[in-house]
Amino acid sequence: MYHILEKLSNGNLNLGERGFKQNSAYGEMIHKLADKSDVFLKTLDSDQKQLYEELSDIQYNVQSMSMTDQFIYGFRLGLLIALEISNVSDDYMINGM
C-alpha cells in the first residue's frame, strides 16, 4: 500500500499516461481511427480542417472530464466497499448471519 502512495507522491505513478499493446483490440482501433482521420482530413479545405480541429478539441475535453469523473466515482465506490467490509463485526465473520 505504501509503495503506491509513495509512487503517487513522488510523481512516479501517472494515471493519465498508460501504454497499450499495439496488437490489442484497443491498439487496432487506435490505428483505424488514425487512418480514417488522415483520409478524412485530406478531403477538407483549410476552414473545414480548422472546424474539425476545434470539434476534436471539444470532444477530447469532454472525454477527459468524463474519464476523470468515472475514475473518481470508481475510486470512491471501491473505498466505500472496503470501508463496509472493514466494519463487519468479528461475530458476523465467525458465525455468519
Side-chain angles (χ1 to χ4, degrees):
M1 175 75 170
Y2 291 110
H3 296 291
I4 292 172
L5 294 176
E6 287 174 7
K7 286 180 181 180
L8 225 109
S9 176
N10 295 329
N12 297 327
L13 183 61
N14 187 343
L15 302 176
E17 295 179 8
R18 287 185 55 204
F20 60 91
K21 295 179 182 177
Q22 296 294 323
N23 61 349
S24 67
Y26 180 78
E28 290 176 14
M29 283 294 126
I30 292 295
H31 289 296
K32 284 182 183 180
L33 179 62
D35 291 344
K36 295 293 182 185
S37 290
D38 288 343
V39 170
F40 179 69
L41 285 171
K42 290 177 183 176
T43 67
L44 302 178
D45 63 33
S46 62
D47 289 340
Q48 292 169 326
K49 284 181 184 178
Q50 177 66 31
L51 184 60
Y52 177 74
E53 287 177 20
E54 290 172 11
L55 176 64
S56 294
D57 288 343
I58 292 169
Q59 283 181 314
Y60 172 81
N61 290 330
V62 168
Q63 287 175 336
S64 178
M65 292 167 66
S66 177
M67 289 174 59
T68 299
D69 182 62
Q70 289 177 5
F71 174 81
I72 291 169
Y73 176 79
F75 188 87
R76 287 179 176 163
L77 182 61
L79 185 57
L80 288 172
I81 291 169
L83 287 171
E84 184 173 316
I85 291 170
S86 70
N87 287 330
V88 173
S89 71
D90 289 337
D91 185 51
Y92 175 79
M93 294 300 292
I94 294 169
N95 300 318
M97 297 175 92

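Everything numeric here is computed off the predicted structure, so don't read it as measured data.
Taking a 4.5 Å side-chain heavy-atom cut-off between Ile, Leu, Val, Met, Phe, Trp and Tyr, the cluster of Ile30 extends to Phe20, Tyr26.
Remark: the backbone N or O of Val62 is not paired with any side-chain donor or acceptor of Ser66 at under 3.5 angstrom. Ser64 contributes no side-chain N or O that, together with a main-chain N or O of Tyr60, makes up a donor-acceptor pair within less than 3.5 Å. Using a distance-only test at 3.5 Å, with no hydrogens or angles considered, a donor-acceptor pair links the side chain of Asp45 to the main chain of Asp47. A donor-acceptor pair is defined here as one N or O able to donate and one able to accept, closer than 3.5 Å; such a pair exists between the side chain of Asn61 and the backbone of Asp57.
Residue His31 holds its NE2 atom at 9.0 Å from CG of Asn23, rounded to the nearest 0.5 Å. Note that NZ of Lys21 and CD of Glu28 are 13.0 Å apart. Values are rounded to the nearest 0.5 Å.
Between the side chains of Gln50 and Glu54, at least one donor N or O sits under 3.5 Å from an acceptor N or O.
Residues passing the side-chain contact (heavy atoms from CB on, under 4.5 Å) test with Glu84, sequence neighbours excluded: none.
Following chains of ILVMFWY side-chain contacts shorter than 4.5 Å, one cannot reach Phe75 starting from Met67, and the two form parts of different hydrophobic clusters. In the hydrophobic clustering of this structure, Tyr73 groups with Ile81; members are Ile, Leu, Val, Met, Phe, Trp, Tyr whose side-chain heavy atoms approach within less than 4.5 Å, directly or through other members.
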